[in-house]
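One structure below.
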Amino acid sequence: MTRLDDGTSGIGAASDTTTHASRRLLRVQSSPSRHRPLRRAAVGATAIGALLLAACSGGTGTGSEAEGPVEGGTLVYASGDAEPTCLDPHVGGNYPQALVATQYLEQLTALDENREPVPWLAESWELAEDGLALDVAVRDDVTFTDGTPLTSEAVAANIAHLQDPETGSSTGYLALEKVEDVEEVDERTARIHLSEPDSALLENLAMPWLAIQSPAALERGMEENCAAPVGTGPFTVSEWNRQESIVLERNEEYTSPDPAAENTGPARLERIEWRFIPEAATRYSALASGEVHVIDNAQPDAISRAAEDDAIAHIDAPRPGASNRIELNAGQAPFDDDRVRTAFIRAAAVDEGIESLFFGTAERSYSALSSIERHVHADPAPFGTDLEEAAALLDEAGWTAGDDGVRTKDGERLTLRFPVSTNQSIPAEISLFEQIQAAVAEAGFDVQIQQLDLASWYEALAKNEYELVSAPYTRTGPDVLRVLYHSDGIEPAPSGYFANHAQLDDPQLDELLDEAARTEDETERGQLYRQAQEIILGGHYILPLYDQQNHFLHRAGLHGVRTLAVSTPTFVDAWLED
């Protein structure tokens, strides 16, 4: 990737080289009716959209017979994700952070039902004719919960914080690679200067990992900010009992609901208790008994049971960005040989495992992108199962069958290390990996699955101790392909994380992804992304499985739950029946 020498340099120092007259007519701003609900669409497995009212696929739905919103009450949310080590999503940037941070931090932009950027904390924006400067005007009626006003200084401070190597940002850092500096044009206008045009920037600004925090709070230092970030959201972090729960209290001065919110003032709920319950059966039991109101990481068998229970409703919210896939490390043997990659994919019987293990809650993917993304290209042709072809390809590549069935070449066994994060892969997915392990053994592959905690999993990747990896990556927009498969992504971000786990290094692909990132025309952009996906899929660098799963189960007496840009739930409209 392009490394930034100093994320704090140049803030406010650049001269105004782009005049208003030179700008093209690309100006987006809030309409006078910005707080009215947008037209909604139902949420389903293939059309989650951002800022939509969540539809329920099981139980009694959202309880349409309820008389109306009720004020007050404590919502109990039980998460199966690993507890964040830092509640500031700028630091690192993983999904568990996004889940909880959605409740107390907000972004400059949001995504509408077509996944197009719309204003949120930003009131309007204007892009320079050459695409190298973006003027963002922030709202004048928003204050952080520590009393600091939302200004252009806050925008500059947050981008500097994300780009500072000391912050250790990964997701946010990679989303801002093209930002050179931020100029404070006036109190409410921040001019973001870019090294080259970035057609994904406004989409990226909708992600929780780029949320806007109080600049005064950021100055407290990482330890204090990790414990209790300060934003503009409907709730504030009141208490963090590590290994147990986070207590979120209602922000009584709240004024900045997202554009699709029905509730234009403070949240209806008084409090949220965010518990960490890693064991899936325990989470479901707590939901079934009424001890908790919402659980995430719902397992396929639990979703199937919930469909028969009128007291429980189901929200199916696939994540944007990449599909769930197994990536083949083409940067080293044996997968530096296309014949071996192709043989592995021909031997892997994926469909049967998905059908038997996921109870109809996951549909097979043939794409590098989530099915909810624009410009998704799916092609089943490269992923057909054919053991005879697999064997022939391995013979051609010089791998001969051994006495125990494992192929060898020059004295080396055809061993594939497969580290699996138990914090990121649900039991059904691990069982799927084991079925794939057994299937490819028929062709002579020795897959060694290593079940690791998240820290050990990151360490294995950093040491390049893998041939296979399943690494979920959530991000807004098809530009996720550039993050995951551009050769720049082989180099780690300041956090130490690198995103190109396939270690794909193809100059033609790099050029397509670079050009797509520079192109504002959506038709042309889509053509470029299709060509890029054809290279990724046709080169057998990945084995797509299904969309990244987000299954929430909740009590039918909870109403008004919606999901935002990266399919995290927001409870600003939520309320509990008495």
Side-chain angles (χ1 to χ4, degrees), residues 1 45-50 111-117 131 174-175 177-178 196-204 206 318-328 330 338 341-342 345 350 363-384 471-490 499-548 565-566:
M1 73 185 72
T46 60
I48 184 69
L111 299 184
D112 67 12
E113 63 263 35
N114 298 314
R115 301 199 66 78
E116 293 282 356
L174 293 172
E177 285 181 290
K178 296 183 181 181
E196 62 178 342
D198 186 357
S199 60
L201 181 57
L202 290 168
E203 292 174 323
N204 292 341
R319 299 182 193 178
S323 64
N324 253 16
R325 68 227 174 276
I326 296 175
E327 294 181 298
L328 285 58
D338 176 61
R341 296 196 303 272
T342 306
I345 286 173
V350 175
E363 184 176 342
R364 175 71 197 275
S365 170
Y366 298 101
S367 175
L369 288 177
S370 166
S371 65
I372 70 171
E373 285 293 358
R374 291 179 295 168
H375 310 311
V376 61
H377 170 61
D379 183 4
F383 304 107
Y473 201 93
T474 303
R475 180 180 163 120
T476 55
D479 188 56
V480 69
L481 297 169
R482 183 181 59 83
V483 174
L484 295 176
Y485 302 113
H486 194 289
S487 61
D488 285 351
I490 298 173
N500 186 348
H501 298 129
Q503 299 196 26
L504 208 165
D505 188 354
D506 183 320
Q508 181 186 1
L509 178 61
D510 286 354
E511 178 54 36
L512 287 168
L513 295 172
D514 287 339
E515 185 61 28
R518 292 189 291 262
T519 300
E520 291 290 340
D521 181 86
E522 278 301 311
T523 300
E524 184 180 350
R525 197 174 177 226
Q527 292 171 347
L528 292 166
Y529 281 128
R530 180 187 177 93
Q531 293 175 58
Q533 290 172 84
E534 288 172 348
I535 291 174
I536 296 164
L537 301 177
H540 302 103
Y541 296 102
I542 66 171
L543 177 61
L545 303 175
Y546 39 77
D547 282 343
Q548 291 186 72
V566 298

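To the nearest 0.5 Å, atom CD of residue Q548 and atom CZ of residue R325 are 7.0 Å apart. Atom CD1 in I536 sits 9.5 Å away from atom CG in L512 (nearest 0.5 Å). Taking CZ of F383 as the reference point, atom OG1 of T342 lies at 10.0 Å (rounded to 0.5 Å). Expressed to the nearest 0.5 Å, how far CG of L543 lies from CG of N324 amounts to 11.0 Å. Note that CG of N500 is 9.5 Å distant from NE2 of H486, once rounded to the nearest 0.5 Å. In this structure, S367 OG and I542 CD1 are separated by 7.0 Å, a value rounded to the nearest 0.5 Å.
The closest donor-acceptor contact from the side chain of R341 to the backbone of G539 lies under 3.5 Å. Remark: side-chain polar atoms of T519 are not paired, donor with acceptor, to backbone N or O of R525 under 3.5 angstrom.
P320 and A565 get closest at one heavy-atom pair: CG-O, 3.5 Å. Residues K178 and A517 share a closest heavy-atom pair of NZ-CB, 3.2 Å. Here the closest non-hydrogen pair linking R374 and N114 is CD-O, 3.8 Å. Closest approach of L174 to A499, counting heavy atoms only: CD1-CB, 4.4 Å. Nearest heavy-atom pair, L369 versus D547, reported as atom, atom and distance to 0.1 Å: O-OD1, 4.4 Å. Counting all heavy atoms, side chain and backbone alike, E373 lies closest to G477 at OE2-N, 3.0 Å.
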Can you check side-chain contact (heavy atoms from CB on, under 4.5 Å) on D379 and E534, steps first, answer last? CA-CA 8 Å; D379 183 4; E534 288 172 348; over 6 Å; no

Starting from the C-alpha separation in whole Å, work towards a yes-or-no answer on side-chain contact (heavy atoms from CB on, under 4.5 Å) for L509 and Y485. CA-CA 8 Å; L509 178 61; Y485 302 113; 4.0 Å; yes

Run L328 and H540 through side-chain contact (heavy atoms from CB on, under 4.5 Å) and show every step you take. CA-CA 8 Å; L328 285 58; H540 302 103; 5.6 Å; no

After noting the C-alpha distance and the side-chain angles of R482 and D514, does the key distance pass the side-chain contact (heavy atoms from CB on, under 4.5 Å) rule? CA-CA 7 Å; R482 183 181 59 83; D514 287 339; 4.3 Å; yes

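No side-chain N or O of Q531 forms a donor-acceptor pair with one of H377 less than 3.5 Å apart.
Aromatic ring orientation, H375 versus Y529: parallel (interplanar angle below 30°, classes split at 30° and 60°).
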